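Chain A is the first sequence line, chain B the second, and so forth, proteins listed ahead of strands; every chain is numbered from 1. Source: prediction; values computed, not measured.
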Amino acid sequence: MLRLTCPYCGAAADETELTPGGEAHLTRHGPGSSDEAFEGYLFLRKNPYGVHFERWRHAHGCGKWFHAARDTRSLQVFGTYSAQVTRPPQDIIDRIAATHPGFDWEAGQ
Amino acid sequence: MSELLCTEGLARIETVSGRGMITLKGELESRRFRNVLAKALDLPLPGPLSCAFNGARGVGWMAPDEVLILVPGEEVPEALARLRNKIGDHHITAVDVSDARAQFRLTGPGAREVLAKLSPVDFAPARFAPGTFRRTRLAQVPVAVWQKEEDVFGLVCFRSVADYVAGLLVNAAAPGSGVGYFASGG
């Protein structure tokens, strides 16, 4: 069972109180972009067996969208953070690096 | 008037009719928002996951931009007028949602266990104490639940699912269905 702490209200929310929103930190490619870029934005998603950044909504709680970093292999949750950022906070990256030495967020983007 | 749904079993469960509910939305962090609550209704601004009461009035934290004000039903028009008078032309909205929501009250030492059976929230006495206010899921529908004082819980849900929630609560409180998970009740 997945439990994520909502960074907005602080509640330890059960998976069943949340709505999944897919991969986080996508760059939108809209009108005027190349076909390849638009296809990538619309359809192509990471599906890693390891560190993953996700969007979640505290649907049965305060209603806010937030970001979560977790490991899909160990199910370890590295942390949750505001949806109003374009990259994970440094403390979360540091926590990932503690179990995944050499983890490089930029390289994965 | 309030209707008694269940007296035997784990808890006394009743619908609470005639309670007024007002949704107040705005920037909770702003001094203006706090002033509107304090000056219009003499209520403090509760922190996240908490509620506060002043006599028959109460206020619960719903979201970073929303609180739910509980007042006696007959006070709603006056409370709304007082709120709007204090809000003026600031970006805060007050809406009467009394008829949109149904309210329940659960009392008794087993009330905690009735709720714990139906929700993923940790209802352990140390984690869910008087003054806690939490929006969550009760079986299949969203609700907000709070503890006003020891062994007294309040709950609101959308009126459209009130019958469903009433059935859930009465079933979970059925005589002989106690699990005894919490030391103090059940």
State whether A:W65 and A:R55 meet the cation-pi test: NZ (Lys) or CZ (Arg) under 6.0 Å from the six-membered ring centroid, and within 45° of the perpendicular axis.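 Verdict for A:W65: a cation-pi partner in A:R55.
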Does A:R73 qualify as a cation-pi partner of A:Y49, given the criterion of NZ or CZ under 6.0 Å from the six-membered ring centre and within 45 degrees of its axis?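 Yes, A:R73 sits over the ring of A:Y49.
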Answer yes or no: does atom CD of B:E27 have more than 12 heavy-atom neighbours from other residues, nucleotides or ligands under 6.0 Å?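 Enclosed.
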Within a reach of under 6.0 Å around NE2 of B:H90, are more than 12 heavy atoms found that belong to other residues, nucleotides or ligands?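 Enclosed.
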Chain B: which of A:A59, A:C6, A:A11, A:G10 shares the most heavy-atom pairs with it under 4.5 Å?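 Of A:A59, A:C6, A:A11, A:G10, A:A11 has the most heavy-atom pairs under 4.5 Å with chain B.
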Contacts of residues 158-174 of chain B with chain A (heavy atom under 4.5 Å):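 Heavy-atom contacts from residues 158-174 of chain B to chain A are absent.
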Which residues in residues 41-78 of chain B have any heavy atom lying under 4.5 Å from a heavy atom of chain A?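 Residues of residues 41-78 of chain B touching chain A at under 4.5 Å: B:P48, B:L49, B:W61, B:M62, B:A63, B:P64, B:D65.
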Report yes or no: do [X] and [Y] form a side-chain donor-acceptor pair below 3.5 Å?
X: B:S98; Y: B:R19; result: no
X: A:D71; Y: A:H100; result: yes
X: B:T136; Y: A:E17; result: yes

Rounded to the nearest 0.5 Å, what separates atom CG in B:L28 from atom CZ in B:F33?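 CZ of B:F33 is found 4.5 Å from CG of B:L28.
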Rounded to the nearest 0.5 Å, how far apart are CD of A:E36 and NE2 of A:H29?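 It comes to 11.5 Å.
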Check for a donor-acceptor pair, side chain of B:E14 on one end and backbone N or O of B:C6 on the other, with a separation under 3.5 Å.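 Not at all, since once roles are kept as given, no pair shorter than 3.5 Å links the two residues.
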